[in-house]
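Below: the structure, in structure tokens.
Keep in mind it's a predicted model, so treat the numbers as computed, not measured. Start at 1 and go down the list; that is how both ligands and their atoms are numbered.
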Amino acid sequence: MSFLSETLSRVKPSPTIAVTTKAAELRAAGKDVIGLGAGEPDFDTPQNIKDAAVAAIAAGKTKYTPVDGIPELKQAICAKLERDNGLSYTPAQVSVGTGGKQILYNALMATLNEGDEVVIPAPYWVSYPDMVLLAGGIPVIAAATLENSFKLTPEQLEAAITPNTKWLIFNSPSNPTGAGYSRDELKALTDVLMRHPHVWVMTDDMYEHLAYDDFEFCTPAEIEPALYDRTLTCNGVSKAYAMTGWRIGYAAGPVELIAAMRKIQSQSTSNPCSVSQWAAIEALNGTQDFLPTNNEIFKRRRDLVVSMLSEIDGITCPVPEGAFYVYPSIAGLIGKTSKGGAKIDSDEAFATALLEETGVAVVFGAAFGLSPNFRVSYATSDENLKEACTRIQTFCAGLS
Ligand SMILES: Cc1ncc(COP(=O)(O)O)c(C=O)c1O
């Protein structure tokens, strides 16, 4: 009998972390590597947020806190949801965890029984299916297409729902595609959910503030108020406020679900870091002025990457509405051979050859459930992006 649990055999390690590790190894061996794999902004956390953390330390806010967040932070979250999303929640309906990741995990652990299905639109954030498996559920992948800009259609959602469906996990703007659903597109999906009252929606709004051009973010409970009682609205400060290391995520939903999530957290990690909670209050209540400034930079980088990749024969690169990723298709390159002799028979082979032959690290599409594609994170400097895209152009031109 194995010492390790059977649950572990159901999940795989994060492929995005594997790419980062491989890139670090090559860098340590002296290779000139440009990493386009990281899912975090290259900006520093804004000064007012850091100052709030320093003040919290000085004031001795360094002890255990209530398991799922201090009242002041829950209040700030309620105010944010009202201000930005038109959603009314009380502090008893709010849970704060160690990052958005823990919040989603708690919710799945708190609700899934054997045989319960969770509909996950692909391309998806790598952790969703594995979290569902860890919690004992069954991920049901509903694949969107490039032709539909990587967005799930109502017909695809309808087809994925069975009597065993417990949740739909919804993520807009999306990691890995950057695709954002318009109000009409989201309404078409919530209309489907209205026909299936046993299905709840877990919406991961992590990239809410990273939206470009005239794209307007929207979230399910706002679009369909009748879904309020079966929606868990998840969000966090990691991406928009450049606070990935502080580890604060939150969710708002029905009181019984929030209490169940608290129970899980109380027997695993207890409260999220006290100092980070005070910093998150400043993030949510303080100035939001840097958001448009950062978005201008991200939009410029998005346009740079999309235009340079679109020049490549065999690559199709849609323009995403938000987040800081693009998800080009390499369908036109499959079957070719690289200068170094690698056969490009999959997106994984493409990403591996690209890293080994040019030092550019990207994540292959199979990791996100839709091939043949790769994900570029443009949360890095313009210089890095220009150099990396030039290397990708040269690599692709060398394929025969
Ligand atoms: C879609 C999505 N949801 C959730 C998370 C997790 O965020 P956090 O770092 O707050 O745990 C990420 C991080 O990459 C993400 O891309």
Subject >> Aromatic ring proximity, centroids under 6.0 angstrom, Tyr207 and Tyr325 >> reply: yes
Original post:
Which of the atoms in ligand 1, numbered in the order shown and given with their element, are less than 4.0 Å from a heavy-atom of Ser238?
Top reply: 8 (P), 9 (O), 10 (O)
**OP:** Output yes when the distance from some N or O of ligand 1 to some N or O of Gly100 is under 3.5 Å, and no in every other case.
**Re:** yes
**OP:** Verify, without hydrogens or angle tests, whether Gln288 (side chain) and Gly286 (backbone) share a donor-acceptor contact under 3.5 angstrom.
**Re:** yes
Subject >> For atom 14 (O) of ligand 1, the option (of Glu40, Arg247, Lys239, Met206) bearing the nearest heavy atom >> reply: Lys239
Subject >> Contact with ligand 1 for Tyr128, non-hydrogen, under 4.0 angstrom >> reply: yes
Original post:
Given the side-chain rings of Phe350 and Phe374, with only the six-membered ring counted for Trp, is the space between their centroids under 6.0 Å?
Top reply: yes
Original post:
Would a line drawn from the ring center of Phe298 to the ring center of Phe43 be shorter than 6.0 Å?
Top reply: yes
Original post:
Linking I/L/V/M/F/W/Y whenever their side-chain heavy atoms sit closer than 4.5 Å, directly or via other members, would Val306 and Leu354 fall into one cluster?
Top reply: yes
Subject >> Part of Asn171 within contact of ligand 1 (heavy atoms, under 4.0 Å) >> reply: side chain
Subject >> Distance-only side-chain donor-acceptor flag, Asn85 / Lys80, under 3.5 Å >> reply: yes
**OP:** Tell me which protein heavy atom sits closest to atom 1 (C) of ligand 1, plus the residue, atom name and distance to 0.1 Å.
**Re:** Asp204 OD2, 3.3 Å
Subject >> ligand 1 atoms in contact with Gly99 (distance to a heavy atom under 4.0 Å) >> reply: 10 (O), 11 (O)
Original post:
Pick from Asp191, Thr165, Leu152: which one makes a side-chain contact (heavy atoms from CB on, under 4.5 Å) with Leu157?
Top reply: Leu152
Original post:
Quick one: does Thr98 get an N or O within less than 3.5 Å of an N or O on ligand 1?
Top reply: no
Subject >> Nearest-option assignment for atom 6 (C) of ligand 1, heavy atoms, candidates Tyr325, Tyr124, Trp125 >> reply: Trp125
